[in-house]
Amino acid sequence: MAFYFVSSECFVSVSTPQSGEFGTLYVVATPIGNLDDISARALRILADVSLIAAEDTRHSTRLLQHFGIRTQLAACHEHNEREEGGRFITRLLAGDDIALISDAGTPLISDPGYHLVRQARAANVRVVPVPGACALIAGLSAAGLPSDRFVFEGFLPAKQVARCTRLTAVQYDPRTLIFYEAPHRILDSIADMRDVLGADRPAVLARELTKTFETIKDLPLQELYDWVAADTNQQRGECVLLIAGYQEPADALEVSLEAQRVLTLLMVELPPKRAAAIAAEITGARKNALYQWALDNKAAER
Ligand code: SAM
């Protein structure tokens, strides 16, 4: 007999099997609107597993009926995932394959599943992703904003003060920022983004992706706010907000002659970083710009 620790409250005991006898937990992406976006592999796995752990069984029943899949469903949502995870792990350890799905898109991405996946991995159960639709990736792929580096912030807090605090934390992040937002908060959130990140910051509202009224609108934040405010249709449905990362203003890197003079004197005695920090305090110029100038001019001296 072996005992597997699956959560802070829960131990599962099974007769010691070879790991090959364990079932597999498949993490299966489902469509975010257009049902054709489910993969052939996802359909095959959903039909073959012993059990589907679903965020909302009624919602998923409709999806499965559409594809003629009759696999048994069990609820796995944010309110029972920790406590009920042990039941799923017991079945996995007994050799049953289970598919985890959420209401739309990829499980765990602003959706339940994290605790179950943790528990499965802790119990040495194989966890296999079955990739597919994900709203943030779909939005990013069509937004026309830099996609080489991005940060997904999920849903912002509902309360304005907390929301602005979160926005302030990413204000100077140079990576593309991606947020999920509920339709009834879209206008308030765009207003806070405009106030914290700047009225001119390029932004994209990706709404109802893969659905009939799909809209992908790119405008600076102030104009995006005006556009959404003027049309209540834009305040409906599901949306992803994508915002360009912070860019140093072109003139910010210019260093005044006075700052250059102070920095040059300090650089005689100090390394560039320290010299730039002190010169910034003396002149009020930006430390980054001074540091860059110090590096460029040190290089030019060689
Ligand atoms: N797991 C999902 C995924 O992979 O994208 C996200 C689930 S989260 C609970 C739901 C949020 O995702 C929505 O409020 C919206 O911000 C975004 N979303 C989901 N479907 C969307 C769609 N078709 N178009 C735009 N945004 C969508």
Side-chain angles (χ1 to χ4, degrees), residues 25-39 41-42 45-46 52-60 62-63 66 75-81 99-117 127-145 147 150-158 163 166-167 170 176-190 192-193 203-219 224 227-228 231-243:
L25 176 64
Y26 294 97
V27 183
V28 181
T30 57
I32 55 169
N34 190 326
L35 294 185
D36 287 350
D37 289 339
I38 198 156
S39 73
R41 182 172 171 231
I45 286 168
L46 291 173
I52 298 175
E55 180 181 7
D56 177 341
T57 51
R58 283 212 322 226
H59 178 97
S60 295
R62 288 194 291 275
L63 175 81
H66 178 85
C76 178
H77 46 68
E78 58 174 330
H79 304 296
N80 77 348
E81 191 188 342
L100 169 69
I101 60 175
S102 62
D103 287 355
T106 303
L108 279 81
I109 307 301
S110 296
D111 264 344
Y114 166 72
H115 297 288
L116 181 58
V117 168
V127 181
V128 171
V130 183
C134 180
L136 79 101
I137 299 297
L140 183 64
S141 71
L145 291 172
S147 54
F150 60 90
V151 49
F152 174 54
E153 281 285 314
F155 287 96
L156 285 168
R163 190 160 59 221
R166 277 272 293 280
L167 288 169
V170 292
T176 296
L177 308 172
I178 307 179
F179 303 90
Y180 283 167
E181 194 47 284
H184 61 280
R185 276 201 283 272
I186 186 72
L187 209 49
D188 288 345
S189 281
I190 298 177
D192 289 343
M193 289 169 176
V204 176
L205 175 63
R207 208 176 61 78
E208 294 289 87
L209 292 168
T210 78
K211 302 187 203 176
T212 310
F213 296 106
E214 179 178 271
T215 309
I216 302 175
K217 187 75 176 172
D218 59 297
L219 284 171
L224 187 65
W227 185 74
V228 174
D231 180 358
T232 51
N233 282 328
Q234 305 308 329
Q235 300 164 36
R236 299 202 177 103
E238 300 195 276
C239 58
V240 184
L241 272 160
L242 304 101
I243 319 278

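Both ligands and their constituent atoms are indexed starting at 1 by order of listing.
- Contact residues of ligand 1 (protein heavy atom closer than 4.0 angstrom to a ligand atom; sorted by chain and number): I32, A104, G105, T106, I109, S110, D111, C134, A135, F155, Y180, E181, A206, E208, L209, K211, E238, C239, V240.
- For the pair Y180/V240, a side-chain contact is recorded, criterion being any heavy-atom separation below 4.5 Å from C-beta on.
- Contact of the I190 side chain with the W227 side chain is not registered, since no non-hydrogen atoms from C-beta on lie closer than 4.5 Å.
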(request) Starting from the C-alpha separation in whole Å, work towards a yes-or-no answer on side-chain contact (heavy atoms from CB on, under 4.5 Å) for T106 and D111. (result) CA-CA 8 Å; T106 303; D111 264 344; over 6 Å; no

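- Two residues are said to be in side-chain contact when any heavy atoms from C-beta on lie closer than 4.5 Å; P183 and Q235 fail this criterion.
- Under the side-chain contact (heavy atoms from CB on, under 4.5 Å) rule, L241 has a single partner from I186, L177, I178, L156, which is I186.
- Between C76 and L116 there is a side-chain heavy-atom pair separated by less than 4.5 Å.
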